[in-house]
Asker: 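Dropping a structure here in structure tokens format, bear with me for questions.
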Amino acid sequence: MAHTLIIGAGTAGCVLAARLSEDPGHTVRVVEAGSHWASADDFPPELADSADLPLGDQAAWLWRYSVALTPDRPGTIVRGRGIGGSGSVNGSYFIRAAARDFAAWSGEVGTRSWDFESVLPYFRALENDHDYGDHPGHGRAGPVPVRRTRTPTPLVEEFGAACRELGFGEVADWNALPGGPESGVGPVPCTVGPPDGSGRRHRIGPAHSYLLPALSRPNLTVQGETLVTRLRFRAGRVVGADCLHSGEPETIPADRVVLCAGAIESAALLLRSGIGPAAESTALGIPVVVDAPVGRWLTDHPEIGIDYRHPAPAGRSVPLEYVLEFDDIEIRPYTVAFTPGVYRMGVTLMRPTSSGSIALSAADPLAAPRIEHGYLGTGIDRTRLRNAVELTGQLFGVMAAEPVGSAGPVSDRWLYDRLGTSQHLAGTCRMGRADDPRAVVDERFRVHGVDGLSVVDLSVVPVPLSRGPQATVVLLAERATAELR
């Protein structure tokens, strides 16, 4: 019997598998719905270059979901499928959540255990910062390499100059103490390798930094092409999972189960297993195990995409070299051309007051869940984005950039027409106290109402994060290791 069964080999699953299996007496088994690439050479070559976002329509390493960004605006999102999860296909952005995010997080769980001072030792231990590793609050000995662009592409250089001309300060290190600068413009720390002979930087995701070096351990087993259909329980305790392994049924017993499948699939698996809103479970013919608010609170970062033309020559670099932060807004000058000859500026609301939900459409594990983002549902969210778009127009003027399409007044309709998502889904298995009607797990990742079951991924985060989530996911798994050893 596996001591610990980890469901999902994305960022959190890779970290947990590597850390827990450091103890030779702790047997760890990981199951992943996508492919198991057992060495760096096995990874698809399309995932190697950090300058590419390998998100094509036919890519086999992605989950695809239809979503409702608003009740009348559909969309499509993708998540990583395969060893490393979204960390194997993302833009390599690695900015820590800000200190005020962790203060709010601690407030939600009712203790100081999640404030910035409590999580800082984990951030220091996980990183190998090649630029600021010797500075206070940083580390050089961890498995995660962090590097920043030294010479930005001409477009990004002009963006930074425009921000400074409009009065924003220069930020050298977004991960600096005390808990990250509140505003400014500066280079994005990224999980990439040094330039190779052609100047290319390899994406170094959690599979490369954590899981692959651990695969030779005899107490660690990783199994790909395995979709977990439901969890098994006995007398109020999880005892294993039913799976489809390469399409064939399989039951895996376990002393303990940790869900690391992400904000969509972790929530969907709990719901299929009878841990969720009782009325919804009953309506789908699913026996109720625990009446819990799984899926009732989904948060993400709504993003307005503004296409523009600019004479700066295109350059190959990480998708985001610099960002501008102010007033809960992040403005992103993408270096990747989503349309030939056209650049995109992402104007993103990092602490939305609107939220959405995830629910099952059927008990069938192959049926896609219903995902409703609930974007722009409050006037304050719309106002903040309108103001940010207007500031972006000022940046365009300084940069001599030419917006593509209508440049009319920034109305609500204008926002809805350009509305997209950052694909940073969180909160569907929210962390909180046992008496919190919104909470699914406690501050130690344990699912309320059932023994032996934990959730360790972005689904547990109880507040919107003001920075992209990758660094926080690694932190979560490092923190959970101490609870699960």
Side-chain angles (χ1 to χ4, degrees), residues 8-14 32-35 37 40 42-69 73-95 153 188 190-192 200-208 224 261-265 300-307 314-321 323 330 332-348 368-369 371 373 375 418-426 457-458 468-471 473:
T11 294
C14 285
E32 162 59 39
S35 298
W37 303 306
D42 291 340
F43 272 69
E46 296 91 339
L47 306 188
D49 192 344
S50 64
D52 292 329
L53 286 175
L55 307 179
D57 290 343
Q58 304 305 314
W61 46 82
L62 298 174
W63 296 90
R64 292 177 181 81
Y65 301 93
S66 296
V67 302
L69 300 178
R73 181 162 178 83
T76 301
I77 63 172
V78 296
R79 310 304 301 142
R81 179 182 177 122
I83 299 300
S86 295
S88 290
V89 301
N90 65 10
S92 303
Y93 172 122
F94 203 78
I95 303 180
T153 56
V188 174
C190 292
T191 51
V192 296
R200 184 175 69 166
R201 292 175 178 268
H202 283 257
R203 177 185 286 107
I204 301 180
H208 295 80
I264 297 174
E265 293 298 328
D300 198 346
H301 296 142
E303 181 168 345
I304 305 299
I306 307 175
D307 291 339
R316 286 190 63 77
S317 181
V318 292
L320 270 180
E321 291 184 316
V323 290
E330 183 172 88
R332 306 166 176 167
Y334 291 106
T335 60
V336 174
F338 297 98
T339 303
V342 176
Y343 294 107
R344 175 167 294 177
M345 197 76 76
V347 182
T348 312
I371 304 171
H373 279 75
Y375 280 161
R418 291 159 180 80
L419 179 62
T421 173
S422 300
Q423 307 193 85
H424 296 160
L425 294 89
D457 56 35
L458 270 180
Q470 182 71 6
V473 182

Asker: Please name the pair of heavy atoms, one in C14 and one in A9, separated by the smallest distance, quoted to 0.1 Å.
Answerer: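 Nearest pair, atom of C14 first, then A9: SG-O, 3.4 Å.
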Asker: Nearest 0.5 angstrom please: C190 SG to L320 CG, how far?
Answerer: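 One gets 8.0 Å once the value is rounded to the nearest 0.5 Å.
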Asker: Return the set of residues passing salt bridge (charged side-chain N to carboxylate O under 4.0 Å, His left out) with E32 (not counting sequence neighbours), or none when no residue passes.
Answerer: none
Asker: Which pair of non-hydrogen atoms, one from P54 and one from V89, has the smallest distance, and what is that distance?
Answerer: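 Here P54 and V89 meet closest at CD-O, 3.6 Å.
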Asker: Over all heavy atoms of both residues, which pair between L458 and P469 is shortest? Give the atoms and the distance, please.
Answerer: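 The pair with the smallest heavy-atom distance is CD1-CB, 3.4 Å.
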Asker: Which atom names give the shortest non-hydrogen contact between R79 and S86, and what distance separates them?
Answerer: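 What the structure gives for the nearest pair is NH2-OG, 3.3 Å.
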Asker: Kindly state each residue pair satisfying salt bridge (charged side-chain N to carboxylate O under 4.0 Å, His left out) with at least one member in residues 334-347, sequence neighbours excluded.
Answerer: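 For residues 334-347: D307-R344.
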Asker: Listed by chain and number, what are the salt bridge (charged side-chain N to carboxylate O under 4.0 Å, His left out) partners of R332, not counting sequence neighbours?
Answerer: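 R332: salt bridge (charged side-chain N to carboxylate O under 4.0 Å, His left out) contacts with E303, E330.
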Asker: Going through the checks in order, is the side chain to side chain contact (heavy atoms under 4.5 Å, CB included) test met by V78 and Q423?
Answerer: CA-CA 8 Å; V78 296; Q423 307 193 85; 3.7 Å; yes
Asker: Do the side chains of E321 and Y334 get nearer than 4.5 Å, heavy atoms only?
Answerer: no
Asker: Could you tell me if the side chain of W61 sits less than 4.5 Å from the side chain of P44, heavy atoms only?
Answerer: yes
Asker: Could you pull out all residues at least two apart from A48 that satisfy side chain to side chain contact (heavy atoms under 4.5 Å, CB included)?
Answerer: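 In terms of side chain to side chain contact (heavy atoms under 4.5 Å, CB included), with neighbours along the sequence ignored, A48 is linked to H202.
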Asker: For L47, does its backbone N or O pair with a side-chain atom of R203 as donor and acceptor, under 3.5 Å?
Answerer: yes
Asker: Taking the side chain as every heavy atom from C-beta outward, state whether I204 and V192 have any atom pair closer than 4.5 Å.
Answerer: no
Asker: Between S88 (side chain only) and I83 (backbone N and O only), is there a donor and an acceptor less than 3.5 Å apart?
Answerer: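 Present.
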Asker: Just jot down the ring-ring contact (aromatic ring centres under 6.0 Å, His included) partners of F43, sequence neighbours excluded, or say none.
Answerer: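 W37, H208.
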Asker: Among residues two or more places apart or on two chains, list those pairs meeting side-chain hydrogen bond (donor to acceptor under 3.5 Å, both in side chains) that have a residue in residues 43-52.
Answerer: D49-R316, D52-R316
Asker: Could you tell me which residues satisfy side chain to side chain contact (heavy atoms under 4.5 Å, CB included) with R73, sequence neighbours excluded, listed by chain and number?
Answerer: L69, T70, L419
Asker: Tell me whether the NZ or CZ atom of R81 lies within the 45° cone about the ring axis of W63 and under 6.0 Å from its centre.
Answerer: yes
Asker: Just so I know, are the side chains of V67 and T76 near enough to count as touching, which here means a heavy-atom distance under 4.5 Å?
Answerer: no
Asker: Can you name the residues that form a side chain to side chain contact (heavy atoms under 4.5 Å, CB included) with D300, not counting sequence neighbours?
Answerer: H373, Y375, T421, S422, H424, L425
Asker: T11: what forms a side chain to side chain contact (heavy atoms under 4.5 Å, CB included) with it, not counting sequence neighbours?
Answerer: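 Residues passing side chain to side chain contact (heavy atoms under 4.5 Å, CB included) with T11: P206, Q470, V473, V474.
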Asker: Is the side chain of Y343 donor-acceptor paired with the backbone N or O of P333 at a distance under 3.5 Å, no angle test?
Answerer: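 Not at all, since once roles are kept as given, no pair shorter than 3.5 Å links the two residues.
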Asker: Are T348 and P302 packed together at the side-chain level, in the sense that at least one heavy-atom pair is separated by less than 4.5 angstrom?
Answerer: no
